[in-house]
> 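One structure, pasted below without further comment.
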Amino acid sequence: MASMLGSLSAISAICSSYSSSSSSIFTSTNATTSLVSFPRLQETGRRNRRMACTAMVQQAVQGAPAAYAKEMERLSAKESLLLAFKDSGGFEALVTGKTTDMQRIDVNERITGLERLNPTPRPTTSPFLEGRWNFEWFGSGSPGLFAARVIFERFPSSLANLSKLDVVIKDGNAKVTANLKLLSSIESKLILSAKLSVEGPLRMKEEYVEGVLETPTIIEENVPEQLKGALGQAASTIQQLPLPIRDVVSSGLKVPLPAGSLQRLFMISYLDEEILIIRDTAGVPEVLTRLDAPASPMGEPSTEYES
């Protein structure tokens, strides 16, 4: 509303200036040619000025409601997408394969509807991209599915699950953290570090360089009685190891990834201060929601990219 009032004030000032300048022209003309008058010409000029000002005011008044309506449509599409995630069973149903085809197509339809309203034309260099994001939806080529496969190919779903997946994007790097839980009492994290390179206003390249499986943490109150003795013996054994070996064990198992062995291209199809949507080369979408406060949109970096 403030911007609309400002536009109307500016238009009014322009119209007044135009009117006064035109009047002075006619006055000067009448002074030098006192023997001749131009009543019809003056009337035509006033009519043309009124028509021009009326058209400018109508355009300003019509533009503000159109922008407001588009913003309301975008906010509604966001809420609709988040509701579809909840109706589909959320993250747990997605990683365990319990999401139905009907739920998948419903989510994908809402993703497409929100992408159409993307407010960020150059998302790869937007300050909104950096921060901590939570995976809500992912497909076959995502690091989320890779982490899920690492777990479920080695443990049955009744013993292990992927409870959460998030990524931190900062200074051209990404760190994906998969939170794992075994037997409902042992927690660990699988961390994948990657380098990000900007290849266009929408396109980026992601190359994973290292994986770390952190040392498990035992939640003692959740440990079954029949396992408490074995877990206590294992903890005691670790404490008896030489200090260098114990430090290696406590820092987790590092898995270096050969250059180029795990990389992908993706496109950012939607970005605002709360939601990030990307698509891989097969067009499969991933949707992430922000976990921290967004960066200021001022001072957007001018990162170079290859055309």
Side-chain angles (χ1 to χ4, degrees), residues 1-19 47-88 90 103-137 167 169 198 200-204 266-279 283 285-303 305:
M1 181 62 70
S3 61
M4 183 177 72
L5 291 175
S7 299
L8 291 176
S9 299
I11 292 171
S12 178
I14 293 172
C15 293
S16 299
S17 175
Y18 179 60
S19 178
R47 186 183 306 112
N48 289 339
R49 291 197 301 274
R50 286 197 299 270
M51 292 176 62
C53 292
T54 301
M56 294 172 68
V57 171
Q58 288 177 345
Q59 184 177 4
V61 172
Q62 291 172 0
Y68 177 79
K70 186 174 182 180
E71 180 64 11
M72 290 299 99
E73 182 183 7
R74 187 177 70 86
L75 296 177
S76 177
K78 287 173 60 173
E79 292 297 326
S80 178
L81 178 58
L82 296 176
L83 182 61
F85 289 148
K86 184 177 180 181
D87 292 341
S88 66
Q103 290 169 336
R104 285 182 177 275
I105 195 66
D106 182 52
V107 169
N108 285 325
E109 182 180 3
R110 296 169 196 251
I111 290 174
T112 303
L114 184 57
E115 288 173 325
R116 179 175 56 83
L117 303 168
N118 178 32
T120 311
R122 302 171 67 91
T124 56
T125 56
S126 170
F128 285 146
L129 182 60
E130 293 197 345
R132 188 181 177 202
W133 299 88
N134 182 58
F135 282 84
E136 301 284 355
W137 191 264
V167 59
I169 301 174
V198 176
L202 303 177
R203 188 174 67 242
M204 301 191 77
F266 64 86
M267 177 188 71
I268 301 177
S269 57
Y270 182 92
L271 175 65
D272 66 13
E273 69 279 6
E274 296 177 326
I275 291 181
L276 167 64
I277 302 177
I278 68 176
R279 288 184 179 268
E286 298 172 20
V287 183
L288 301 88
T289 54
R290 185 179 294 277
L291 293 173
D292 57 1
S296 171
M298 301 300 292
E300 184 168 324
S302 57
T303 305
Y305 58 86

> Please round to the nearest 0.5 Å and tell me the distance separating atom CG of Leu83 and atom OG of Ser88.
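Going from CG on Leu83 over to OG on Ser88, the span is 9.5 Å.
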> Applying the side-chain hydrogen bond (donor to acceptor under 3.5 Å, both in side chains) criterion to Arg110, which one of Thr112, Asn108, Asp106 satisfies it?
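Exactly one pass, corresponding to Asp106.
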> Go through the steps to decide whether Leu288 and Val167 satisfy the test side chain to side chain contact (heavy atoms under 4.5 Å, CB included), and finish with yes or no.
CA-CA 9 Å; Leu288 301 88; Val167 59; 3.5 Å; yes
> Salt bridge or not for Glu71 and Arg74, using N-O below 4.0 Å?
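The answer is yes: the pair qualifies as a salt bridge.
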> What residues, two or more places apart in sequence or in another chain, satisfy side-chain contact (heavy atoms from CB on, under 4.5 Å) together with Asn118?
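Residues passing side-chain contact (heavy atoms from CB on, under 4.5 Å) with Asn118: Thr120, Tyr270.
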> Quick one: closest heavy-atom pair of Gly131 and Asp292, and the distance?
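Taking Gly131 first and Asp292 second, the nearest heavy atoms are CA-OD2, 3.5 Å.
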> Quick check for you: to the nearest 0.5 Å, what is the distance between Met267 atom CE and Arg279 atom CZ?
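Met267 CE to Arg279 CZ: 6.5 Å, rounded to 0.5 Å.
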> Under the criterion salt bridge (charged side-chain N to carboxylate O under 4.0 Å, His left out), which of Glu73, Glu115, Glu274 is the partner of Lys78?
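It is Glu274, the one option of Glu73, Glu115, Glu274 that forms the salt bridge (charged side-chain N to carboxylate O under 4.0 Å, His left out) with Lys78.
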> Of all residues at least two apart in sequence or in a different chain, which pass the side-chain contact (heavy atoms from CB on, under 4.5 Å) check with Ile278?
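With neighbours one apart ignored, the set is Arg264, Phe266, Ile268, Leu276, Glu286.
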> Apply the test side chain to side chain contact (heavy atoms under 4.5 Å, CB included) to residues Ile277 and Leu114: give CA-CA distance (whole Å), side-chain angles for both, the deciding distance (0.1 Å), then the verdict.
CA-CA 9 Å; Ile277 302 177; Leu114 184 57; 4.1 Å; yes
> State, yes or no, whether a side-chain contact exists between Trp133 and Thr289 at a heavy-atom distance under 4.5 Å.
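Not in contact.
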> What closest approach, in Å, do Leu117 and Ala77 show between heavy atoms, and which atom pair accounts for it?
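Heavy atoms only, the tightest pair is CD1-CB, 4.2 Å.
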> If only atom types and distance count, is the side chain of Thr124 paired as donor or acceptor with the main-chain N or O of Pro201 below 3.5 Å?
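Checked: pair present.
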> For the side chain of Arg290 and the backbone of Glu273, is there at least one donor-acceptor N/O pair under 3.5 Å apart?
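The answer is yes, because a donor-acceptor pair under 3.5 Å joins these two groups.
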